[in-house]
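Here the structure is a predicted model, which is why all the values come from computation and not from measurement. Side chains are part of it too, since the values below use all heavy atoms of this structure and drop only hydrogens, waters and symmetry mates. We're numbering straight along the sequence, starting at 1. Whatever order the structure lists ligands and atoms in, that order sets their numbers, starting from 1.
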Amino acid sequence: MFVPCTPKGCIELLHRYGVDIKGKRAVVIGRSNIVGMPAALLLQREDATVTIVHSRTKNPEEITRQADIIISAVGQPNMVRGSWIKPGAVIIDVGINPVEDASSPRGYRLVGDVCYDEACKIAAAVTPVPGGVGPMTIAMLLSNTVSSAKRAYNFN
Ligand code: NAP
């Protein structure tokens, strides 16, 4: 009935920033039911050619380097390095990973699956962590809630 919020937010980000999806090569890293799989299906619905990379994939770096669009939903800090990225690729980093940081009051900070500093030098665009996909997930939850209310009360 409803598109899962996090992958829906990823596609919305691509649309809002005018990223062409049709005919592009997309790699989704991760195949969970709540993020990776629906993200791959949504990209395919937008006419991308989609490859899914998972923990048993033999050559993830080589496959990911072919992508025009990367959606990473793995849960491994800084796994996607600069060498995994095709120049000009667009990267959506879904990962939220705590790493030790003695300089932070909490003793840790949050980073994504993608090595942000390296990605910034190679990619055309990359979402930050935190502050990228997380807020989009909340926005899409509200969007789904409004759709649900419209259905329940027969609004157009
Ligand atoms: P999950 O259920 O643990 O799935 C992780 C996926 O990554 C699995 O498919 C796994 O492969 C794959 N994977 C693990 N290690 C890998 C490796 N070394 N190489 C390639 N693939 C690997 O996690 P999830 O719920 O999808 O969440 C993923 C990340 O997104 C987490 O950091 C989570 O906190 C974050 N997240 C963020 C939001 C947001 O709003 N920003 C929302 C949801 C989740 P296998 O299937 O082979 O095990």
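- Among I29, V35, V74, the residue whose heavy atom lies closest to atom 3 (O) of ligand 1 is V74.
- Counting only heavy atoms from C-beta outward, the side chains of I91 and S72 never approach each other to under 4.5 Å.
- For D113 (side chain) and G75 (main-chain N/O), a donor-acceptor pair under 3.5 Å exists by modelled atom type.
- Distance from atom 40 (O) of ligand 1 to its nearest protein heavy atom, with residue and atom name: T137 OG1, 2.8 Å.
- Other residues, nucleotides and ligands place more than 12 heavy atoms under 6.0 Å from the CZ atom of F2.
- At a heavy-atom distance under 4.0 Å, only side-chain atoms of T6, from C-beta outward, approach ligand 1.
- A donor-acceptor pair is defined here as one N or O able to donate and one able to accept, closer than 3.5 Å; no such pair exists between the side chain of D20 and the backbone of K22.
- Residue N97 touches ligand 1 through its side chain alone, judged by heavy-atom distances below 4.0 Å.
- For atom 6 (C) of ligand 1, the nearest non-hydrogen atom from the set G30, P98, G132 belongs to G30.
- Atom 27 (O) of ligand 1 is not flagged as protein-proximal [any protein heavy atom, distance under 4.0 Å].
- Applying the salt bridge (Lys or Arg N to Asp or Glu O under 4.0 Å) test to every pair with at least one member in residues 66-90, sequence neighbours left out, gives these pairs: D68-K86, R81-E118.
- At a 4.0 Å heavy-atom cut-off, ligand 1 touches I96 through backbone and side chain alike.
- The distance criterion of under 3.5 Å between nitrogen or oxygen atoms is met by S32 with respect to ligand 1.
- Here R65 pairs with E61 in a salt bridge; the nearest charged N to carboxylate O distance falls below 4.0 Å.
- In this structure, the protein non-hydrogen atom closest to atom 25 (O) of ligand 1 is I34 CD1, 3.7 Å.
- Side-chain contact check for Y116 versus V126: some heavy-atom pair is nearer than 4.5 Å.
- Residue contacts with ligand 1, taken as heavy atom pairs separated by less than 4.0 Å, involve Q76 solely via side-chain atoms from C-beta onward.
- Of all atoms in ligand 1, numbered sequentially from 1 with element shown, those under 4.0 Å from a heavy atom of M79 are 17 (C), 18 (N), 19 (N).
- In V94, the parts holding a heavy atom less than 4.0 Å from any atom of ligand 1 are both the side chain and the backbone.
- Summarising the local packing, CG of N59 is surrounded by more than 12 heavy atoms from other residues, nucleotides or ligands at distances under 6.0 Å.
- Within the structure, the closest approach of A73 to ligand 1 falls below 4.0 Å when heavy atoms are considered.
- In the vicinity of G134, heavy-atom distances shorter than 4.0 Å reach the ligand 1 atoms 40 (O), 41 (N).
- Taking 4.5 Å as the limit, some side-chain heavy atom of N144 sits within range of a side-chain heavy atom of K8.
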